[in-house]
Amino acid sequence: MSKTWIKVTCLVSLGLGLVACPFVGSGREKLRAAVTPSVATLAPTWAPTALPESTPVPTAAAGATSTPEGEPIDLSETFPRYSARPAWRALLGWPDECEEGFQLIERQADDEGGLAIYPLVDDQYLAFVFCTLGPYWVEERVYWFDPGADPPAVRPLSVPELAPGDDGWELQSAEVLHGSLPLYDPATQILTNLAPSRGLRDCGTWYRYQWEEGEFVLLEARYQECQDGASAIIPQEWPLIYPAPEQAGPFRRVAAIDPDFSNWVYGLDVLPDGALCVTTDVGYATFRAGVFTTDLLDEGQTPMGVDGVGRMWFVDATGAAVYYWQGDAEPIAAGDGWTPVENPGMLARQGVVTDHLGRAWLATTEDVRVFDGERWAVFARDALGMSPPSNPDYMAEFVLAFAPLQQQVWVGECDWGGPGPMGGGGARWFDGAAWREPAAGIGAECVTAIAADAAGNVWIGLDHGLVWHLAGEEWRQSTLPEPADYRRGYPVSLQLDPSGRPWLWAALCGGASCDATRTLYRLQGDTWVEVAGLDRYPESSLYTWIAQPLLFDGAGTLWLVLQGQVSQVAEDRLVEPPASTLNVWAGATDASGQVWVVGEQEAGRMALWVLEP
């Protein structure tokens, strides 16, 4: 659904400064994108374009206060009468469309003339000329003029405005001032303007300008989405969209991301040298030494993820060729032993696992494969020792994890049908030569998550809320709590905190299908404790299509991304309200315990942020 921008410019007194004109709103409409736009490439301050040359007015006498035709102009009148408007037009020269719009309303000679004249310095002036009146907006033109020059000079002025573009807000130069409440204060030379999105004037864009060196420079802009039931209308307190805010709660903005690069963010990884790598649907952006460098993919190519030695992998549109970047080198083909994949687009969310030998492990929808630096080895389902699915139409999904103490790669598999999980191939681990079945006796079950720590613990999450834990040589089984009004589902993600304690996002099942809502648990002793679940929060607030990684800072505090917003977790509860209004797409914790996220503010541009609690 499109939204309407109504831009109005009547300068009325609201106790905020002097008025520039006493008119009630009028009209122009703009279609806007159906989603809240994000800030595009905005610099911290607006740099005005080159000033147009002044237009000489053909009068002879310096300091003249009359038009070229000799009609008198009274510069002492802030708001000239309607009878003086023709003389002012002869001097300023506003276009026919402006005058035609003004003349649609019949006026008497003593009525206000739709003009506001303010002195500047050195006998120069600003003139605000009212043009068109609409339901709740007006259009005005602004002129600088020097009647004392020889010859007198006039220059039409433009003002910077923000308009939604393909990648968010973009600055543009507007020859016409649009809004409902433009206010100019000659004492401070500050111009403010509200461009509302509807007649209530409770949403839209609010601007504040400063007169500097012959131009209005944009100091700040604020934007408010339209919401029914909004109370106080204070545009000065709306979310800041220009200049781009540097702080969002405890997160500090570090660097903006090129809007051409940030269409869809898949992940954020910490590279071996401490640099950060953002993966999107169009390539990789590496943040190193305070600067982003980007590696863009060709159309149709799919980024697969970053491995533990810093290689950035991608596959071509056909799934028949695979490449990686490393450092500043050109893409390197790694096709030896590679077999085509049927669904290369599905690899975008799989990620790449690295073992102790630096080998890159990858799960496709058909198999598991490993690259040893020279050649791929491909392990189909039978090579893994897994039986085929009960229905050939089921889609397979493999999950991978590396257990560093045992130096083992673990794989689990689940078969997916319409209602949800439909069994699977269970779990296996690789001994360097062959795949082994764990002694836990998992069998042909659906395995959806695996995690391992440096102490030798391995955690395996299965359908029906089952979790197996390998501690040393002993396997233990636990079961997630039975949720009210739902059935136990399956782990969506399983992650270990710095102390090795597991945290688990679980998808819950309804009457006919699964993943109706989600719950976050942590293990305390032998019991799974609900941290974010239905007994505390509405189900709509718990569902997230992509399970973001849990972000533990250096102190072990959990920062949870839910519905795009970041909340701190304390004493097994989300701290309300959320810590930040950022819309977070991805996050990671570096070796020093710093938490980094890729996110955008409401009506903001995608950027890299760092947590500074």
Side-chain angles (χ1 to χ4, degrees), residues 257-258 260-272 275-286 288 292-355 357-384 386 392 394-402 409 411 413 416 425 430 435 546 586:
I257 298 176
D258 186 340
D260 292 333
F261 179 80
S262 55
N263 297 338
W264 188 273
V265 178
Y266 288 148
L268 176 65
D269 293 277
V270 182
L271 300 181
L276 298 166
C277 184
V278 181
T279 305
T280 79
D281 59 342
V282 296
Y284 296 94
T286 304
R288 181 181 284 111
F292 266 118
T293 58
T294 58
D295 294 298
L296 293 174
L297 300 176
D298 294 334
E299 185 176 357
Q301 293 178 333
T302 298
M304 299 189 295
V306 181
D307 66 22
V309 296
R311 291 173 296 200
M312 296 172 281
W313 291 89
F314 61 98
V315 65
D316 73 354
T318 66
V322 63
Y323 307 85
Y324 66 85
W325 276 297
Q326 190 167 23
D328 297 328
E330 293 295 315
I332 298 172
D336 288 348
W338 178 268
T339 58
V341 294
E342 293 183 4
N343 299 300
M346 297 292 291
L347 299 178
R349 302 185 190 281
Q350 294 300 318
V352 183
V353 171
T354 308
D355 65 16
L357 299 177
R359 296 177 297 188
W361 292 81
L362 176 70
T364 76
T365 55
E366 301 108 42
D367 51 50
V368 171
R369 47 189 71 186
V370 58
F371 182 70
D372 63 4
E374 296 183 359
R375 184 176 180 81
W376 290 92
V378 179
F379 301 97
R381 191 169 180 137
D382 56 349
L384 295 170
M386 297 179 178
Y394 292 159
M395 186 183 74
E397 183 175 271
F398 296 91
V399 291
L400 289 167
F402 176 62
V409 172
V411 59
E413 193 276 335
W416 296 88
F430 190 61
W435 291 95
I546 301 174

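The heavy-atom pair separating Thr302 from Pro344 by the smallest distance is CG2-O, 3.6 Å. When all heavy atoms are compared, the tightest approach of Leu400 to Ala363 is CD1-N, 3.7 Å. Nearest heavy-atom pair, Phe379 versus Asp367, reported as atom, atom and distance to 0.1 Å: O-CB, 3.1 Å.
Distance alone, capped at 3.5 Å, is enough to place a donor-acceptor pair between the Tyr284 side chain and the Gly305 backbone. When atom types are taken as modelled, the side chain of Asn343 and the backbone of Gly345 share no donor-acceptor pair closer than 3.5 angstrom. In terms of modelled atom types and a separation under 3.5 Å, the side chain of Glu366 and the main chain of Glu342 share a donor-acceptor contact. A donor-acceptor pair under 3.5 Å is formed between the side chain of Gln326 and the backbone N or O of Val309.
By the 4.5 Å heavy-atom criterion applied to side chains, Val409 and Arg359 are not counted as neighbours. Counting heavy atoms from C-beta outward, Leu268 and Leu276 have side chains that approach closer than 4.5 Å. Counting heavy atoms from C-beta outward, Arg369 and Trp338 have side chains that approach closer than 4.5 Å. No side-chain heavy atom of Val368 sits under 4.5 Å from any side-chain heavy atom of Phe430. Taking 4.5 Å as the limit, every side-chain heavy atom of Leu384 sits out of range of all side-chain heavy atoms of Glu413. Annotation: side chain of Asp372 is not in contact with side chain of Leu357 (no heavy-atom distance under 4.5 Å). No side-chain heavy atom of Val341 sits less than 4.5 Å from a side-chain heavy atom of Met346. Counting only heavy atoms from C-beta outward, the side chains of Pro340 and Thr318 never approach each other to under 4.5 Å.
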Before giving the answer on ring-ring contact (aromatic ring centres under 6.0 Å, His included), spell out for Phe314 and Trp325 the whole-Å C-alpha distance, their side-chain angles and the decisive distance to 0.1 Å. CA-CA 9 Å; Phe314 61 98; Trp325 276 297; 4.7 Å; yes
Go through it in stages, so that I can follow the logic: the residues are Trp264 and Thr280, the test is side-chain contact (heavy atoms from CB on, under 4.5 Å), and I'd like the CA-CA distance, side-chain angles, deciding distance and then a yes or no. CA-CA 5 Å; Trp264 188 273; Thr280 79; 5.8 Å; no
Applying side-chain contact (heavy atoms from CB on, under 4.5 Å) to Ile257 and Phe292, what does each step give before you reach the verdict? CA-CA 8 Å; Ile257 298 176; Phe292 266 118; 3.7 Å; yes
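Taken from CE in Met312 to CG in Leu297, the straight-line distance is 10.0 Å, to the nearest 0.5 Å. Atom CG of residue Asp258 and atom OG1 of residue Thr293 lie 12.0 Å apart, to the nearest 0.5 angstrom.
Between Val315 and the choices Leu347, Thr364, Leu362, the side-chain contact (heavy atoms from CB on, under 4.5 Å) rule is met once, by Leu347. Of the options Trp361, Trp313, Tyr324, a ring-ring contact (aromatic ring centres under 6.0 Å, His included) to Trp376 is made by Trp313 and by none of the others. The residue from Asp295, Leu296, Thr294 that alone fulfils the side-chain contact (heavy atoms from CB on, under 4.5 Å) condition with Val282 is Leu296.
Between the side chains of Thr354 and Arg311, no donor-acceptor pair is found at a separation under 3.5 Å.
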